[in-house]
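Numbered from 1 within each chain, the chains take letters A, B, ... in sequence-line order.
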Amino acid sequence: MAADREVRVRFAPAPSGWLHVGSVRTALFNWLWARHTRGTFIWRIEDTDADRATEDSMQSMIEAMRWLGLDWDEGIEVGGPYGPYRQSERADLHRAVARRLQDAGHLYHDDRSPDELNTWRQQRRDDDLPPTVKRGTVPDADTGTLRLALPASGTVSVHDEVRGEVTWDWANESDPVLVRSNGAVTYPLANATDDLAQGVSLVCRGEDLLSVTPRQLFLYDLLLADGLLDDALDEVGLPARDPSWGAPSSFAHLSMVVGEDRKKLSKRHGSVSIQELARQGFLPETLLNTIALLGWSPRDGRERLDRDEVVAAFSLDQVGASAAAFDVDKLTAFNGERIRDMDPAALAHRLVPHLDGTYLPDGDDGEPDPDHEPILSTPPSDGELVRLTALVPLVQERMQVLAEVADYAPPFFREVGIDEAAAAKVFRKAGSVEALEAGATALAGVDWTVEAIEAALRGLTDELGIGFGKVAQPIRVAVTGSNVSPPLFESLAIMDRHVVLDRLAAALPVARAVRDDLG
RNA sequence: GCCCCCGUCGUCUAGCGGCCCAGGACGCCGCCCUCUCAAGGCGGUAACGUGGGUUCAAAUCCCAUCGGGGGUACCA
């Protein structure tokens, strides 16, 4: 173990699609290790496949990382001493490396078409042989792809931080294509080259890349031998490597994140974009906390951890090797706890995007509701902000996700209709009409404070000879339109008196109709 | 098919030969509190995939088997 080597880790996604829980975990663990060791976190974009890489995807990833608060020391956007950090901008280097490998006799042409190769591989399988492409089995050619000639026999091993020692037999390893027939380099070459050129000390990535490790190890040796990479760097005018850097000294292959059915993550169970989770009202702190716990746990068993606490406690040797299912229920519960711990003023600000139309709430189909009308204006007026701040303590206790505020807030900001089911359920109870009438009278002259409102309303139970529930529910439905709301006295107190009285009056005919309907 | 990885409550996990007839968290169930819904408090349910070894002793080590996953691309 090269204990003294500065830790340099990297997150190297291909920019297709968006960041989801699985990819964020890879980013997070790299980030955590860098921060824990006071090392360097590099963000490189692997866009060597022009057909798949998109600018939108990259922008979306940047947005997600920023929202999560995962900052990078070197990489796209921020730059750094060993850039550029988009592989498409490093193509000269990759080509120079390929040419030098070819000159040194490590590469050979393979001009078989994909169809021919498939047939050939199938034949190998039928013969019960490894379907691997090897030098010597292909015809002499001077066109087509360039493959790397791997050793034909013997074994390779890596020490993996999460899996221990893993060994492969070279006889089972296929010679990888390093340069496509169109001249573009592939992942194995670009990735190995850049990891070396940027001094990556530990490769931490998904388990799906475990099987690609042997050829990378082999490539590291070739690129470092005789200063091949150094010369190529010099040739294309890119920054020289630090002389103390060797090849990555270890690997950490993180298990897959799976769905609750143990199958590959799909949208149904959490493979939603980070932006989608933001829209649903999860806090970035909760996401980071929960995702960190996916395969890792601190020695002392704590589960509620702030960012700094995770950084302090994180270590690779506590990372588990088995696949983990992302549990949205647990995320939700943690999110609720965090909301309850928040400072009300800070929470009010976080709620605004869920009320002003920035984040659309779910429609009936679970998708964002395009017809939703914002509850607050953009930007919110001072009056709206004051009312929202007053509302926060009431909703803070009962929210799991920020988006839920949209369920409670409307009656505090605008007229809302009375929910029919709520009316039918509540107004059919004996005494409802009387409760509304007496409530209006009692509230008309009272001080508009929580205490006075409570005293006035509680006094009604004796006057009407019914339990308080029978008083409170009709009034709740009349004023909020729903039989579910924050506590009644507090709710009324932050509304204007005339609004409350108007709504009580407006609900009376509805209540009478329900009662009369019952005969 | 071949190669590699993985296997503790429904889920995330603790556990690295005796402290474990397995602990915590989420979920679920019940009770308490209560103006609704929540929140909160208390209690409960529930797991070492299977079969062989090794050992005085195994969730922990070994082997087999079954199951799951990844790879087997001119994607990354």
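One finds a salt bridge joining A/Arg350 and A/Glu285 here, because a Lys/Arg side-chain nitrogen approaches an Asp/Glu carboxylate oxygen to under 4.0 Å. Between A/Asp92 and A/Arg95 there is a salt bridge, with a side-chain nitrogen of the basic residue lying less than 4.0 Å from a carboxylate oxygen of the acidic one. Salt bridge absent: A/Lys134 and A/Asp110 never bring a charged side-chain N and a carboxylate O closer than 4.0 Å.
For A/Arg180, the listed nucleotide lying nearest its side chain is B/A76; candidates were B/A38, B/C35, B/A76. Comparing B/C2, B/G1, B/U36 by their closest approach to the side chain of A/Asn172 singles out B/C2. For A/Arg52, whose side chain is taken as the heavy atoms from C-beta onward, the closest listed nucleotide among B/C74, B/G1, B/A73 is B/A73. Distance from the side chain of A/Gln318 is smallest for B/G15 among the nucleotides B/G15, B/C3, B/C35. Nearest to the side-chain atoms of A/Ser181 among the listed nucleotides B/C5, B/C74, B/C26 stands B/C74. Side chain of A/Ser297, nearest nucleotide from B/U13, B/C35, B/C75: B/U13. Side chain of A/Asp329, nearest nucleotide from B/U36, B/C26, B/G40: B/C26. Nearest nucleotide to the side chain of A/Trp168, out of B/U36, B/C3, B/C16: B/C3. Distances from the side chain of A/Ala321 to the nucleotides B/G1, B/C37, B/C6 place B/C6 closest. You'll find that the side chain of A/Leu210 is closest to B/C5, out of B/A76, B/C5, B/C35.
At least one test fails for A/Arg338 against the ring of A/Phe334: distance under 6.0 Å to the centre or angle within 45° of the axis.
In this structure, A/Arg205 atom CZ and B/C5 atom P are separated by 15 Å, rounded to whole Å. The distance from atom CZ of A/Arg10 to atom C1' of B/A76 is 11 Å, rounded to the nearest whole Å.
Contact annotation for A/Pro486: base contact, defined as any heavy-atom pair under 4.0 Å involving a base atom. Among the protein residues, A/Glu207 comes within range of the nucleic acid bases, having at least one heavy atom under 4.0 Å from a base atom. Looking at heavy-atom distances under 4.0 Å, A/Pro176 makes no contact with the nucleic acid at all. At a threshold of 4.0 angstrom between heavy atoms, the contacts of A/Asp128 are confined to the sugar-phosphate backbone, with no base atom among them. No contact: A/Leu457 has no heavy atom under 4.0 Å from any strand. Using a 4.0 Å heavy-atom cutoff across all strands shown, A/Thr145 reaches at least one base atom of the nucleic acid. Contacts of A/Arg25 with the nucleic acid, taken as non-hydrogen atoms under 4.0 Å apart, are absent. Using a 4.0 Å heavy-atom criterion, one finds that A/Val477 contacts no nucleic acid atom at all. In this structure, A/Gly206 reaches neither bases nor backbone, as no heavy-atom distance under 4.0 Å exists between it and the strands shown. Among the heavy atoms of the strands, none lies under 4.0 Å from A/Arg304. At a threshold of 4.0 angstrom between heavy atoms, the contacts of A/Arg302 with the nucleic acid are absent. Across all strands shown, A/Thr48 has heavy atoms under 4.0 Å from sugar-phosphate atoms exclusively, and none from any base. A/Thr167 comes within contact range of the sugar-phosphate backbone alone, with a heavy-atom separation under 4.0 Å but no base atom that close.
Residues A/Trp296 and A/Phe314 bring their aromatic ring centres within 6.0 Å. In summary, the aromatic rings of A/Phe468 and A/Phe489 are positioned with their centroids under 6.0 Å apart.
The shortest distance between the side-chain N/O atoms of A/Arg299 and the OP1/OP2 oxygens of B/A14 is not below 4.0 Å. Not one side-chain nitrogen or oxygen of A/Thr186 sits closer than 4.0 Å to the OP1 or OP2 atom of B/A73. The phosphate of B/A73 (OP1 or OP2) has a side-chain N or O of A/Arg121 nearer than 4.0 angstrom.
Comparing the P positions of B/U8 and B/U50 gives an interatomic distance of 11 Å, to the nearest angstrom. Across the P atoms, B/A46 and B/C29 are found 16 Å apart, a figure rounded to whole Å.
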Would you sort out whether A/Phe11 and A/Leu28 count as a side-chain contact (heavy atoms from CB on, under 4.5 Å), showing the intermediate values?
CA-CA 9 Å; A/Phe11 177 49; A/Leu28 175 60; over 6 Å; no
List every contact pair, protein side and nucleotides 23-25 of chain B side both N or O, where the distance is under 3.5 Å.
| from | atom 1 | to | atom 2 | distance (Å) |
| --- | --- | --- | --- | --- |
| B/G24 | N2 | A/Glu303 | OE2 | 2.8 |
| B/A25 | O4' | A/Glu303 | OE1 | 3.0 |
| B/A25 | O2' | A/Glu303 | OE1 | 2.7 |
| B/A25 | N3 | A/Lys330 | NZ | 2.9 |

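Between the base of B/C35 and the side chain of A/Arg476 there is a donor-acceptor pair shorter than 3.5 Å.
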